[in-house]
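Notes follow once the structure below has been shown.
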Amino acid sequence: MPQYFRDSPESLVPDALAGFAAAHADLVAYHPDHGYFRTRHTAPTRRVGLVSGGGSGHEPLHSGFLGTGMLDAACPGRIFASPHNRQIFEASRAVAGPDGVLHIVKNYTGDRINFGIAAERLAHEGIHCARVLIDDDLATDSDDIAVGRRGTGATLIVEKILGAAADEGRGLDELTALGTEVTRRARSLAVASAAHTTPASGAPAFALPDNVLEFGVGIHGERAEGTTPHAPLGKLVETMTDQLLAALPDTAGTRVLALVNGLGSITSLELYGIRHAVAKALDDRGVGLDRSLTGTFVSALDMRGFSLTLFATDAETLRLWDAPARTPAWPL
């Protein structure tokens, strides 16, 4: 069984956070006492601080997207675990602007609870706070799931577009409405041929037979409702594309942004092949590909798989997507 390179299971996350802070000291500042990162560079026009966070193991999300044009603060939790509300409160208080702070929250129970408690504490201090809830995962779009759709790849799209809008000086209500609309127009779906390795044991989180894919896997190793035979890539991507396009809102046009995202151990060679297959599938269906982003941005430790996110674009969101950003992990 594969083993992580670390001194101990307990040291894996704190050592990584310290190393990230040192590697990108020109861009981010680490506050270990309160457990958050903040950007060293903020546009002077910003009136609202943008704060996100989530479990470690999803790197480069969220800390990799701290900086001009994106987030003001990020709160890393333990492996696949929500940050504590104290982390979120301290980070939010540190970066709140004249119009307050906006929390960008993936739809998981722990994240919702802890960001909610932090928001209540901020209100007691007179700091305005709002939330954008990311719920783009098509695999959990079911009335049988009480929490609703999980938050996955669309998180990056929301952080980029809201970051550009915040740099323009938009207020809290306007940013909240924009983030909610971006989320509404995005859906994601993930597949995997092997589970991630559990850091504590070195064992896979679940087992899959040969030539079988987990179709609709979660970024915390959650099993999908079903599996599918390992089909040729073109056919697999066509199936995913059809399901995602069908789930986009009826008001969406026929142009999209595509995020091809590796879940941890998939190679760049494969990811670019997937990107090629996505472009062909969209073209065959008469859907224009306005922008694309290919790489590992929202990982699940070393899971062998990928996610595909489609976002229905318009001129305004494309303009914000194209705005400059400088963070440790933003590629453009």
Side-chain touch [X]/[Y], heavy atoms, less than 4.5 angstrom:
| X | Y | value |
| --- | --- | --- |
| Pro76 | Ser56 | yes |
| Val217 | Met303 | yes |
| Leu263 | His196 | no |
| Asp111 | Thr109 | no |
| His31 | Glu90 | no |
| Ile88 | Asn114 | yes |
| Pro98 | Arg46 | no |

Only pairs at least two apart or in different chains count here, so list each ring-ring contact (aromatic ring centres under 6.0 Å, His included) that has a residue in residues 257-299.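 Matches after skipping sequence neighbours: none remain.
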
Listed by chain and number, what are the side-chain contact (heavy atoms from CB on, under 4.5 Å) partners of [X], not counting sequence neighbours?
| X | result |
| --- | --- |
| His220 | His58, Phe80, Tyr108, Glu222 |
| Ala279 | Arg275, Leu289 |
| Leu27 | His41, Arg326, Pro328 |

Quick one: [atom1] on [X] to [atom2] on [Y], what's the gap to the nearest 0.5 Å?
| X | Y | atom1 | atom2 | value |
| --- | --- | --- | --- | --- |
| Leu257 | Leu293 | CG | CG | 7.5 Å |
| Leu189 | Gln243 | CG | CD | 6.0 Å |
| Phe65 | Glu159 | CZ | CD | 7.5 Å |
| Thr313 | Arg319 | OG1 | CZ | 14.0 Å |
| Leu66 | Leu71 | CG | CG | 5.5 Å |
| Asn261 | Thr152 | CG | OG1 | 8.5 Å |

Residues two or more places apart in sequence or in another chain: which of them pass salt bridge (Lys or Arg N to Asp or Glu O under 4.0 Å) with Glu59?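 So Glu59 forms no salt bridge (Lys or Arg N to Asp or Glu O under 4.0 Å) with any residue.
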
Report, one line per pair, each donor and acceptor closer than 3.5 Å where one atom sits in a side chain of residues 11-23; sequence neighbours left out.
from	atom 1	to	atom 2	distance (Å)
Ser11	OG	Ser8	N	3.0
Ser11	OG	Ser8	O	3.0
Ser11	OG	Ser8	OG	3.4

Say whether Thr241 and Glu238, considering side chains only, have a donor N or O and an acceptor N or O under 3.5 Å apart.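 Side-chain D/A pair, Thr241 to Glu238: absent.
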
Assign the ring pair Trp321 / Trp330 to parallel, tilted or perpendicular, where the plane angle (0 to 90°) is split at 30° and 60°.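 Perpendicular.
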
Thr176 vs Leu172, test: side-chain contact (heavy atoms from CB on, under 4.5 Å). Steps then yes/no. CA-CA 6 Å; Thr176 304; Leu172 185 59; 4.2 Å; yes

